[in-house]
Amino acid sequence: MGFTPIFQFSIIPVFRSLVMLIDSHAHLEMPEFRKDLSEVLQRAKDSGIGYIFTVGTERKDWRRALEIAGSHPSVYAILGVHPHNAREIDEKTYPALKELCKHEKVKAYGEIGLDFFRNHSPRDVQLKRFREQIALAKELRLPIVVHDREAHQETLEILKSEKAGENGGIIHCFSGDEEMAKACIDMGFYISIPGSITYKNAERFREIVKSLPLETLLVETDAPFLTPVPFRGKRNEPSYVRYTAEKVAEIKKVSFEKVAEVTTENALRVYRLKV
Ligand code: NI
């Protein structure tokens with residue numbers, strides 16, 4: 001940012017509190033936040049994080065995600081079944097989600113997709129449930145949040161054939177190549193950048209981000225996971241999304257304030273938030 005380190009502790013925090021950032025993807029309902037959620041939310045507020053989108057990824061987390069969103073004006077919820085949990089979907093799952101997604105604080109459906117890295121659910125089940133959940137999200141008229149790990153080609157094929165971009169959406173924690181990013185953007189998706197952009201070995205990812213217009217990007221923590229430098233190794237939390245935004249500013253050679261302004265506009269647009 002061109003400031004000497006001494007200023008980073010004195011001037012910048014005050015300065016930054018003037019610009020709003022949005023953490024487009026976190027998991028506040030996870031057990032890692034059970035003890036100190038109010039402190040975590042206070043630190044987010046103090047760091048200028050205007051809104052946090054918390055993602056309930058399996059049945060046991062949906063109500064907690066909604067409870068947190070329902071009791072904090074700055075928190076919204078996203079509900080769905082993660083590809084890891086695809087095998088747990090039964091005849092009660094979709095009716096329950098349909099009901100819960102009527103809540104006014106639910107702003108998207110997800111995270112859904114494919115994870116061929118961990119394979120916690122069989123691949124054929126993941127593929128089937130991904131298609132079904134895209135259809136459900138469309139029925140609910142919600143944008144979708146996509147999880148893709150080591151399944152780029154299959155993800156892209158399904159997004160295309162199911163016309164998944166109709167209500168807009170986000171490729172969360174993007175890990176594909178430039179070609180994939182552009183194909184997703186063409187379908188109406190935003191590309192969300194996690195804290196791993198700050199990692200030493202993320203050079204290829206930084207090149208991709210450099211090539212994409214700021215108007216197509218969001219920033220996220222995926223807290224409690226993927227903690228950015230300088231806190232890598234500790235629990236992640238929404239206030240740290242500013243380190244990700246800072247890195248995006250550095251890569252794209254624009255100001256931090258510009259990244260905050262544009263990624264905030266993008267998030268408000270995709271989640272259809274009127275503020
Ligand atoms: Ni996530």
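The figures that follow rest on heavy atoms only: side chains count, while hydrogens, waters and symmetry mates do not. In listed order, ligands and their atoms are each counted from 1.
- Judged as a side chain to side chain donor-acceptor pair (under 3.5 Å), and not counting sequence neighbours, Gln126 has no contacts.
- Under a 4.0 Å N-O distance rule, the pair Glu178/Lys182 qualifies as a salt bridge.
- Residues Ile112 and Leu66 share a hydrophobic cluster, clusters being chains of Ile/Leu/Val/Met/Phe/Trp/Tyr side chains in contact below 4.5 Å.
- Under the rule for a side chain to side chain donor-acceptor pair (under 3.5 Å), Asn167 has no partner lying at least two apart in sequence or in another chain.
- Checked against side chain to side chain donor-acceptor pair (under 3.5 Å), Ser192 has the following partners two or more places apart in sequence or in another chain: Ser24, Glu220.
- Here 4 is the count of protein N, O or S atoms positioned under 2.8 Å from the Ni ion (ligand 1), waters not counted.
- For Asp115 (side chain) and Ser121 (main-chain N/O), no donor-acceptor pair under 3.5 Å exists by modelled atom type.
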